[in-house]
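Since this is a predicted model, take the numbers as computed values, not measurements. Values reported hereafter were calculated over all heavy atoms of this structure, with side chains retained and with hydrogens, waters and symmetry mates removed.
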Amino acid sequence: MASENKSSKVSFKIVLASDPKLPYKIVKVPEKAPFLAVVKYAAQQFKVKFETSAIITVDGFGVSSKQDAGTVFLKYGQELRLIPRDRVGGLKTMSASRTHDVVLT
């Protein structure tokens, strides 16, 4: 009977994509946990700002944090990537005189 009260859990392997060593953390959370909490926790573990981070799939698709962990697991699988937003949507280009940012929209 006690097992009926336990919530099912999902496990994510979250890789810090901005680090060339590709460190990762395994995070186990209840299926019903808000995915936003998973993102916040992963960012804290990697010591990056949550407010400037995004989660993407291994294929590069963005993952909305406005769903529960179980839904994210079913849609995208176990392995996800955390990237600081200062590395998202920007591309450095070199010109003869200076370096400038190009924003992709």
Please report the C-alpha distance between Thr57 and Arg81 in whole Å, then the side-chain angles of each, then the deciding distance to 0.1 Å, and finally whether the side chain to side chain contact (heavy atoms under 4.5 Å, CB included) criterion is met. CA-CA 6 Å; Thr57 66; Arg81 295 178 182 253; over 6 Å; no

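- When all heavy atoms are compared, the tightest approach of Pro30 to Ala69 is O-CB, 3.8 Å.
- Distance check, rounded to the nearest 0.5 Å: NZ of Lys40 to CD of Gln45 gives 14.5 Å.
- Within the 4.5 Å cutoff, the side chain of Gln44 has no heavy atoms near those of the Phe50 side chain.
- Residues Lys13 and Leu80 have side chains not in contact (no heavy-atom distance under 4.5 Å, counting atoms from C-beta outward).
- Residues Val48 and Phe12 share a single hydrophobic cluster, defined by chaining ILVMFWY side chains whose heavy atoms lie under 4.5 Å apart.
- With contacts defined as side-chain heavy-atom distances shorter than 4.5 Å, the pair Val15/Glu79 qualifies.
- Residues Tyr76 and Phe73 fall within the same hydrophobic cluster, defined by Ile, Leu, Val, Met, Phe, Trp and Tyr side chains chained together at heavy-atom separations under 4.5 Å.
- Between Val63 and Val72, the closest side-chain pair of non-hydrogen atoms falls below 4.5 Å.
- Contact between Gly62 and Ile56 at its shortest, heavy atoms only, is CA-CG2, 4.1 Å.
- For the pair Ile14 and Val38, the minimum side-chain heavy-atom distance is below 4.5 Å.
- At least one side-chain heavy atom of Ile55 sits less than 4.5 Å from a side-chain heavy atom of Phe35.
- When all heavy atoms are compared, the tightest approach of Ser11 to Ile26 is OG-CG2, 3.5 Å.
- Counting only distance, with no hydrogens or angles, the side chain of Ser53 and the backbone of Lys49 share a donor-acceptor pair below 3.5 Å.
- Ile83 and Val39 are members of different hydrophobic clusters when ILVMFWY side chains are connected at heavy-atom separations under 4.5 Å.
- Surrounding OH of Tyr41 are at most 12 heavy atoms belonging to other residues, nucleotides or ligands under 6.0 Å away.
- Taking the side chain as every heavy atom from C-beta outward, Leu82 and Phe46 approach each other to under 4.5 Å.
- Not one N or O on the side chain of Asp59 forms a donor-acceptor pair closer than 3.5 Å with the backbone of Phe61.
- How far NZ of Lys66 is from OG1 of Thr71: 15.0 Å, rounded to the nearest 0.5 Å.
- Annotation: side chain of Leu16 is not in contact with side chain of Tyr24 (no heavy-atom distance under 4.5 Å).
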